[in-house]
Structures are given as C-alpha cells and as structure tokens.
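One structure below.
Just so it is clear, the values below take in all heavy atoms, side chains as well, and ignore hydrogens, waters and symmetry mates. For reference, positions follow the sequence shown, starting with 1.
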Amino acid sequence: MRKLIVSSVMSLDGYVEGPGRDVMALPMDDFFDAHNLERQRAADTLLLGATTYTGLKAYWPAVAADPALSPAVANNPGLADLHREIGRRNNEMRKVVVSDSLTVEDTAPWSSSPSVGQCR
C-alpha cells in the first residue's frame, strides 16, 4: 500500500480559482513554490483532474525548458532554478488523470511522462 498526499490550492475564504476559472489569480509566491517542490520530491505520481492537468501541461513543459517564461521568474530571476526543477519534475512524473471529459488524445502532448493514465 502506498501513501496518498493531497495538496489543493485554496484561498482562506474557500475559493479554488479566480475570475474566469483562473487558478493563477490566487496569490502564490516563492514559499508556495518551494513547498510545492518539496511535495513533488516526496511523490512519484500525480493524480489530477482534467482542469488541473490541462493547466499544468499548458504551463510547465515550456517553463522547464525556459524558466524566464514564468511570470514569477520574470519578476524575480532568482526563482529560475526553482521553477526549472518544478517544471522538469512535472514533465517526468507519472500522471493519472481522472476525467469524464478528456480522451487519451487530449493528454498526448505530455506523453514524455513515464505513463499517463485515464479513468472514466
């Protein structure tokens, strides 16, 4: 049996996204990023829903290749190594996507991961 660690981004008043369903509207800083990286270092698989999966795959592969694409790194170049490692770990980790809307083809762009699964 393996351990399941749940990590969810939520504001103190219970919001999990901002206007237009934009989770990036929530205030996140280098402390959040460092915590997120520690959680990734302790894990081997990401369990994601469709919205989170598509958001991560649209963002982290490019940041892994060029951290300067991250708005946080643009504001603070000292975060480049942190964001590069987060991006690389997101790229490399196995992913299980629980979705009733995505197809295997929808997950294909992030297929460099060891495995991408899907539940319906």
Side-chain angles (χ1 to χ4, degrees):
M1 183 163 302
R2 293 171 41 184
K3 184 188 304 185
L4 176 65
I5 300 170
V6 177
S7 178
S8 182
V9 177
M10 182 185 338
S11 66
L12 290 175
D13 54 359
Y15 286 95
V16 296
E17 58 191 22
R21 302 188 71 196
D22 182 11
V23 70
M24 298 310 290
L26 297 173
M28 293 181 238
D29 57 18
D30 54 326
F31 294 108
F32 171 82
D33 292 336
H35 174 74
N36 185 36
L37 179 56
E38 286 305 313
R39 296 294 83 223
Q40 286 184 326
R41 287 176 177 157
D44 65 2
T45 303
L46 291 173
L47 175 62
L48 305 164
T51 301
T52 302
Y53 178 83
T54 55
L56 292 179
K57 91 172 174 183
Y59 184 78
W60 286 112
V63 171
D66 182 3
L69 295 174
S70 165
V73 173
N75 289 331
N76 179 356
L79 297 175
D81 289 340
L82 178 69
H83 279 239
R84 181 181 293 111
E85 184 176 351
I86 292 170
R88 287 182 178 164
R89 287 188 179 276
N90 272 304
N91 287 346
E92 295 165 358
M93 292 178 74
R94 287 185 306 240
K95 297 160 193 74
V96 176
V97 180
V98 179
S99 172
D100 60 1
S101 61
L102 293 180
T103 66
V104 173
E105 292 78 27
D106 293 329
T107 63
W110 219 357
S111 61
S112 62
S113 299
S115 66
V116 176
Q118 177 184 29
C119 298
R120 283 192 173 260

Restricting to non-hydrogen atoms, name the atom on [X] and the atom on [Y] that form the minimum distance, rounded to 0.1 Å.
{"X": "Lys95", "Y": "Asn90", "value": "NZ-O, 2.6 Å"}
{"X": "His83", "Y": "Trp60", "value": "O-CZ3, 3.5 Å"}
{"X": "Ser101", "Y": "Ser99", "value": "N-OG, 2.9 Å"}
{"X": "Ala74", "Y": "Ala68", "value": "CB-O, 4.3 Å"}
{"X": "Asn91", "Y": "Ala64", "value": "ND2-CB, 3.4 Å"}

SB check Arg88 Glu85 (cutoff 4.0 Å): no
Sidechain-backbone polar pair: Asp106 side chain, Thr103 backbone, donor-acceptor under 3.5 Å: yes
Side chain Asn76, main chain Ala72, donor-acceptor under 3.5 Å: no
Just verifying a value: how many Å separate [X] [atom1] and [Y] [atom2], rounded to the nearest 0.5 Å?
{"X": "Ile86", "Y": "Arg41", "atom1": "CD1", "atom2": "CZ", "answer": "9.0 Å"}
{"X": "Leu46", "Y": "Glu92", "atom1": "CG", "atom2": "CD", "answer": "11.5 Å"}
{"X": "Lys57", "Y": "Leu48", "atom1": "NZ", "atom2": "CG", "answer": "11.5 Å"}

Within-4.5 Å side-chain heavy-atom neighbours: Val73 and Val63: no
